[in-house]
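What follows is a single structure, written as structure tokens, with notes after it.
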Amino acid sequence: NDFNTITEGAFSTNVYGLTNGVTYVYRCYVTNATGYHWSTPLVAFTPGVVYVDSNAVAGANNGTSWTDAYTNLANTLPSVQKYWDVWVADGIYKPGATSNSTFNLYTNQFYGGFAGGETNKSQRNWTNNITALDGDLAGASNACHIITKPANTSTTVLDGFTIRNGTAAIDSPANRSGGAIYVLGGSLILRNSTVANNYSVDNGGAIYIDDLAGVSHIISNCTFGFNY
């Protein structure tokens, strides 16, 4: 299928709805004004799943299965390949140890509500298996932004989480909004989640989204409470 057409210069495009474990083959195909055709070699891409479970302490901690799941979500994120799913089991996950700590979420799909052991997203239960991204840093100041969606990212899916106890109250303009979620780039799809007990000095105790022209966001089946 054709996904993007340009007249000149660099371009990028995003394809969604891919199935984990299925191999997709693609290439770039170019035709110039004189009719000359050129294409890149075929490239194979297989999106997969990274597993995170704070209770998988006896495994290899490499994210390849529930048994060998990563135990620390914050440490996992930099190594996750673009477009892969991240499945997170129930538990409490902290972004770090200081108020500047945050979960940087890039172009991936993040799913909570697993007990561990599931083989399909449809088997999870985010109501019973609470997967909490928690900004309460136990003695330190709360995390300023529990989640940050950096600039120059594409669509991020966040589905089945409880996001709580963020406090955007550091004395700088960038750290006074978006106690739970701070969006600087790309689209956010937030589903089946609870956002509660978050605070900001300026704007968006729950969510602050930078003014991004032409970018849309989706929030569905979510509960918001006690965000100020």
Side-chain angles (χ1 to χ4, degrees), residues 4 11-18 52 73-74 76-78 80-86 88 93-96 98-113 126 130-137 141-228:
N4 205 346
F11 77 98
S12 64
T13 191
N14 296 294
V15 181
Y16 304 106
L18 303 183
V52 181
L73 178 61
T76 300
L77 296 178
V80 177
Q81 296 186 52
K82 196 174 184 180
Y83 302 118
W84 281 42
D85 281 6
V86 180
V88 188
Y93 299 87
K94 310 275 187 172
T98 68
S99 58
N100 288 320
S101 302
T102 188
F103 292 111
N104 283 303
L105 303 189
Y106 295 93
T107 307
N108 296 98
Q109 300 75 236
F110 298 86
Y111 296 96
W126 53 82
I130 296 176
T131 307
L133 307 182
D134 196 332
D136 185 349
L137 304 181
S141 299
N142 285 13
C144 180
H145 313 298
I146 299 171
I147 294 167
T148 298
K149 187 166 168 17
N152 301 317
T153 59
S154 187
T155 298
T156 299
V157 175
L158 194 63
D159 187 324
F161 291 89
T162 294
I163 308 161
R164 66 193 188 197
N165 300 325
T167 303
I170 298 177
D171 192 18
S172 71
N175 292 323
R176 295 166 62 89
S177 299
I181 303 174
Y182 191 64
V183 179
L184 294 174
S187 296
L188 173 68
I189 299 176
L190 181 65
R191 298 187 296 236
N192 306 316
S193 295
T194 297
V195 184
N197 196 34
N198 300 285
Y199 172 79
S200 72
V201 172
D202 289 343
N203 303 299
I207 303 175
Y208 177 82
I209 298 175
D210 201 4
D211 186 13
L212 305 169
V215 176
S216 60
H217 308 274
I218 298 173
I219 299 175
S220 64
N221 195 34
C222 292
T223 299
F224 292 82
F226 301 100
N227 300 291
Y228 302 99

With sequence neighbours left out, write down each residue that passes side chain to side chain donor-acceptor pair (under 3.5 Å) with [X], or none if nothing qualifies.
| X | result |
| --- | --- |
| Ser200 | none |
| Thr102 | Thr148 |
| Asp134 | Arg164, Asn165 |

Rounded distance (nearest 0.5 Å) linking atom [atom1] of [X] with atom [atom2] of [Y]:
| X | Y | atom1 | atom2 | value |
| --- | --- | --- | --- | --- |
| Ile189 | Ile218 | CD1 | CD1 | 4.5 Å |
| Thr167 | Asn175 | OG1 | CG | 12.0 Å |
| Ile163 | Ile181 | CD1 | CD1 | 4.0 Å |
| Asn197 | Thr162 | CG | OG1 | 12.0 Å |
| Leu158 | Gln109 | CG | CD | 11.0 Å |

For [X], side chain to side chain contact (heavy atoms under 4.5 Å, CB included) partners two or more places apart:
| X | value |
| --- | --- |
| Thr76 | Val50, Val52, Tyr70, Val80 |
| Ala74 | Asn72, Phe103 |
| Phe224 | Leu190, Val195, Ala206, Ile207, Ile219, Cys222, Asn227 |
| Thr98 | Asn100, Ser101 |

Can you tell me which residue pairs pass the salt bridge (Lys or Arg N to Asp or Glu O under 4.0 Å) test with a partner in residues 144-159, sequence neighbours excluded?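 Of all non-adjacent pairs touching residues 144-159, those that pass salt bridge (Lys or Arg N to Asp or Glu O under 4.0 Å) are Arg124-Asp159, Asp159-Arg191.
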
Restricting to pairs with a member in residues 218-228, which pass salt bridge (Lys or Arg N to Asp or Glu O under 4.0 Å), not counting sequence neighbours?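 For residues 218-228, and leaving out neighbouring residues, there are no salt bridge (Lys or Arg N to Asp or Glu O under 4.0 Å) pairs at all.
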
Under the side chain to side chain donor-acceptor pair (under 3.5 Å) rule, what pairs show up with a residue in residues 214-224, not counting sequence neighbours?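 Residue pairs passing side chain to side chain donor-acceptor pair (under 3.5 Å), neighbours aside: Asn192-Asn221.
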
Please answer whether the main-chain N or O of [Y] pairs with a side-chain N or O of [X] as donor and acceptor at a distance below 3.5 Å.
| X | Y | value |
| --- | --- | --- |
| Ser193 | Gly160 | yes |
| Ser187 | Val215 | no |
| Asn108 | Trp84 | yes |

Determine, step by step, whether Thr107 and Tyr83 satisfy the side-chain contact (heavy atoms from CB on, under 4.5 Å) criterion, reporting the C-alpha distance in whole Å, the side-chain angles of both residues, the deciding distance to 0.1 Å, and the verdict. CA-CA 6 Å; Thr107 307; Tyr83 302 118; 3.6 Å; yes

With Phe110, which of Asp85, Leu105, Val157 fulfils side chain to side chain contact (heavy atoms under 4.5 Å, CB included)?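 Exactly one candidate clears the test, Leu105.
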
Listing request: all ring pair (Phe, Tyr, Trp, His ring centres under 6.0 Å) pairs with a residue in residues 161-187, at least two apart in sequence or in separate chains.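 Listed once each, the pairs are His145-Tyr182, Tyr182-Tyr208.
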
Search all heavy atoms of Ile146 against all heavy atoms of Pro95 and return the closest pair with its distance.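 Looking at all heavy atoms of both residues, the shortest contact is O-CB, 4.2 Å.
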
Close side-chain approach of Thr131 to Tyr93, heavy-atom, < 4.5 Å: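 SC-SC contact between Thr131 and Tyr93 confirmed.
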
Only counting residues at least two apart or in another chain, list the ones meeting salt bridge (charged side-chain N to carboxylate O under 4.0 Å, His left out) with Asp202.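 Testing Asp202 for salt bridge (charged side-chain N to carboxylate O under 4.0 Å, His left out), a comparison that skips the adjacent residues, returns Arg176.
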
side-chain contact (heavy atoms from CB on, under 4.5 Å) between Val88 and Leu133, intermediate numbers included: CA-CA 10 Å; Val88 188; Leu133 307 182; 5.7 Å; no

